[in-house]
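These figures come from a predicted structure and were not determined experimentally. Along the sequence shown, residues carry numbers from 1.
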Amino acid sequence: MTEISIPEVALVLLVGASGSGKSRFAREHFGPYETVSSDECRGIVSNDPNNQAATKPAFELLHTIAAARLKAGLLTVIDATNVQPESRASLIKLARDHDVLPVAIVFDLADSVLFEHDRGRDDTPRGEKVIRRQQGQLRRSLRGLRREGLRGVHVLNTTDEVAAATIVRRKLLTDFRDDHGPFDVIGDVHGCLPELEELLGALGYVIVRDDAGRAIDASHPDGRRALFLGDLVDRGPDSVGVLRLAMGMHTAGHALAVPGNHEEKLVAALDGKRKSLTHGLAETMLQLAGETDEFRREVRDWAHGLVSHLVLDDGNLVVAHAGLKESYQGRSSGRVRAFALYGDTTGEVDEFGLPVRLDWAADYRGTAAVLHGHTPVEQAEWFNNVMCLDTGCVFGGKLSALRYPERELVEVPARERYADPIRPLARPRGSAAPAADDQDRRSFATTTAGQPGAAGQGEAGPGARAVPSAAGPRTAGPRTAGELRAADVLGKRVIETKLHGRVGIRAEHAAGGFETLSRFAVAPAWLPYLPPTMAPSPTSSEPGYLEHPREAFKVFAAAGVERVVCEEKHMGSRAVVLLCRDAETAATRFGGQPGETGMVTTRTGRALFKRELMEEFLAGLRGAVDATGFWDELETDWILFDGEMLPWSLKAGDLLTGVYAPAGAAARAGLGAAAEAFAAASVRGVDTAKLEARAGERLADAEAFTRAYRRYVWPTSGLSGVSFAPFQVLATAGRARYGDPHPWHLDVAGRLADAAPELVRRTRSLTVEPANAESVGAGIQWWEELTDAGGEGMVVKPEQSVVLSKKGLVPPGLKVRGREYLRIIYGPEYLEPANLTRLRDRDLGRKRSLAGREFALGAEALDRFVAGEPLWRVHEAVAAVLALESDPVDPRL
């Protein structure tokens, strides 16, 4: 049996003359979509797989298909003769362009076998002359195949070898996706052994020493492993000690490691290939000179065997010494290794004689978190899901590690300054930049933000400092961590959500949402969420009702929801409140400017108050949170609320004065005058009874319309007369809470209302069992009492907040509005039998679908936000909510 080993991701060239059995081999050993056949491509472009005149367009198609597969990271097999060097060269270049390994499986069979196979073809035989020419081209190429750049050449010489061949797919050396950690990722050590031992102790590792007291291993009682980011050597006091410890941990399975550029230079020096011993290499070689030949060989072989980068935890984590852009992750080529070791450079040098590096992380949009070192910085910080952990220990800074998946930094200070940096350590992004004014901060393309992270629970040891890994606001540089660009949200998009699967966004709708965000919304850092639209309950068949609770309860009963919560629906303006414990939290977490402690936004992302009045409101709400002890109870320094700001007239003044009031006044005046005229005519003996009655009915409807909207209007001055009715805690630091049971949310709101009754309004509620007739009757009665007293209605929600059934997401809420309130929506005379019959024909399916998709997008934005994902990832979902609002759905629903 011949075993042919190929990488899981590679470009495989089947090389051989016609009749060698390549196509049959491909069908037997590769998937139906993995093979790209030149004959099939001829058939596609000419309807004839044997049409040699179609060879050029066929191979253009073949290259296009192969390129698309390689870009997606898929094994691709080329079924063509591939006997000419120029045809192989173009395919080898294609592999290099996509940073995958090119492999050849060669079918060098006897001419007589090829002739026999050719005569038995189902299609047109190629003929002996063609086959001899192809065989000659192949055999002239055999010895030079590896020199062409093929990284594996497997030759099959007989039909028996072909029949016995098996394909073994081997994982790439960088593929550690099945390793989920947990890890402690350690930045550049540079020979700082005392600090490394202290850091390992702070992380909870137990150090093992040999008889001479030298550290040779370290293990963690909880099974955690260290992950070294390279540059273990040079410049520091004990590179040999660091190597001994790191190599021992790696050999024992207590650590993983990737190489740094200093390890690469050390290997070259140990091989005698490097003459210039600069940047601390001379000191390392001098230290190694005092060791045995065996130890030096072990160091050389160990460092030489490290792979460029590692892809871990199902692809959610990538580590490389200098970082790695998304298109290189999990790929294998010389330029991938160069990028992983040295970063993205221009080929030029700066005034310090060091390479000029491009800021690849500024445009990083990958889903994997990338941890790297190489470029020393003053402070480790998240930037577009990328973090540099080289905090310049050897230069007197600190040695840093990131606990993964907890995303918590643990740091120890350098004991002394062992070397002087050639150029100053990079400062935190934006640390020297002036604060942007409010107008700049509103710009979608230039706004910055911090990225909240979920801190772990581990404790740092003496001398160490454990800090959350979330970075604060940054404003400097051509592209900052929190900066968004139009391309992040524009165009046709498909967004993956946990609750609704894939949600598609049409390009024209994305443009509409972007228009609102870019022109009117607050700074994106303050906008991690936009509330979804709410679907109404199914149209009621109850006499005199367009909406009725009975239909809402039926929906949840059919979905198997055992308990629902009926919440009073406040008639106000939807408000999302982001409340920070103090100004420092606002600045660190959300890029707040001096004096800012939070934000209050409308359902389209606009600021609901001017800043001075907003801070007054936030101070009042903060006082209620302080009084209830929620900061400590919820273990947070910020809270995101969803609720209603009352009265309706607070933000709907223009609508009231420009639409509702004139309509009501005109109707009352006109119908009142008509009723008087009919009455006068009746006195004169004219039969106007029907007209007078009709005018009276219409006048009564107009007066009812006026009473309906006036219930939600009252004067305010500053915060006097203003109240906030929170009904949900959306998120706190490190945790999305939209899925917590609704009774918990209402309890939080009730306690806040008790603490600040003038500012916070309680939301009344009732729990109903949809399958219990008595309970349903109580719910209907509660709704009737609520609406008869002037209430807008209620929202019926599953008690458990988020319920997934076999059919998908159960409606997160259905609104049931009162009879009189609906006059505001459908007009004064909507209850007229003819009008009610017409309105009952409304289509609710699209609205309900829209509500479910927007809810899922909002939940996705919150999940990404609390997980510390880059702002562009959060706003991909946030902007999509506004994009869906551009879908033309009847706004009255």
Distance only, no hydrogens: is a donor on one side chain within 3.5 Å (strictly under) of an acceptor on the other, for [X] and [Y]?
X    : Y    : value
Q134 : S18  : yes
S141 : R88  : yes
T35  : D79  : no
D234 : H190 : no

Can you see which heavy atom on [X] is nearest to which on [Y], and at what distance?
X    : Y    : value
Y33  : R69  : O-NH1, 3.0 Å
V494 : R502 : CG1-NE, 3.3 Å
G73  : V9   : O-CG2, 3.5 Å
A320 : H309 : CB-CB, 3.7 Å
V103 : P7   : CG2-CD, 3.9 Å

- Task: Measure from NZ or CZ of K22 to the centre of the six-membered ring of F25, then state whether that distance is under 6.0 Å and the direction lies within 45° of the axis.
- Result: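 The answer is no; the distance or angle limit is not met.
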Scan the side chains in residues 179-188 for donor-acceptor partners under 3.5 Å anywhere in the protein, sequence neighbours excluded, and list what turns up.
{"from": "D179", "atom 1": "OD1", "to": "G181", "atom 2": "N", "distance (Å)": "3.2"}
{"from": "D179", "atom 1": "OD1", "to": "R225", "atom 2": "NH2", "distance (Å)": "2.4"}
{"from": "D179", "atom 1": "OD2", "to": "R225", "atom 2": "NH1", "distance (Å)": "2.8"}
{"from": "D179", "atom 1": "OD2", "to": "R225", "atom 2": "NH2", "distance (Å)": "3.1"}
{"from": "H180", "atom 1": "ND1", "to": "D313", "atom 2": "OD1", "distance (Å)": "2.9"}
{"from": "D184", "atom 1": "OD1", "to": "R224", "atom 2": "NE", "distance (Å)": "3.2"}
{"from": "D184", "atom 1": "OD1", "to": "R224", "atom 2": "NH2", "distance (Å)": "3.1"}
{"from": "D184", "atom 1": "OD2", "to": "Y205", "atom 2": "OH", "distance (Å)": "2.6"}
{"from": "D184", "atom 1": "OD2", "to": "R224", "atom 2": "NE", "distance (Å)": "3.2"}
{"from": "D188", "atom 1": "OD1", "to": "H374", "atom 2": "N", "distance (Å)": "3.4"}
{"from": "D188", "atom 1": "OD2", "to": "H374", "atom 2": "N", "distance (Å)": "3.1"}

Can you give me every donor-acceptor pair (side chain of residues 243-259, partner residue at least two apart or in another chain, under 3.5 Å) with its distance?
{"from": "R244", "atom 1": "NH2", "to": "E291", "atom 2": "OE1", "distance (Å)": "3.0"}
{"from": "H250", "atom 1": "ND1", "to": "W302", "atom 2": "NE1", "distance (Å)": "3.1"}
{"from": "T251", "atom 1": "OG1", "to": "M247", "atom 2": "O", "distance (Å)": "2.9"}
{"from": "H254", "atom 1": "ND1", "to": "D217", "atom 2": "OD1", "distance (Å)": "3.0"}
{"from": "H254", "atom 1": "ND1", "to": "D217", "atom 2": "OD2", "distance (Å)": "3.1"}

Is the shortest distance from a Lys or Arg side-chain nitrogen in [X] or [Y] to a carboxylate oxygen in the other one below 4.0 Å?
X    : Y    : value
R42  : E60  : no
D97  : K93  : yes
D111 : R139 : yes
R169 : E8   : no

- Validation row: D231, V189 side chains within 4.5 angstrom (heavy atoms):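 With C-beta onward as the side chain, the pair stays apart.
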- What's the verdict on side chain to side chain donor-acceptor pair (under 3.5 Å) for H63 and S90, showing C-alpha distance, side-chain angles and the deciding distance? CA-CA 9 Å; H63 277 73; S90 63; 3.2 Å; yes
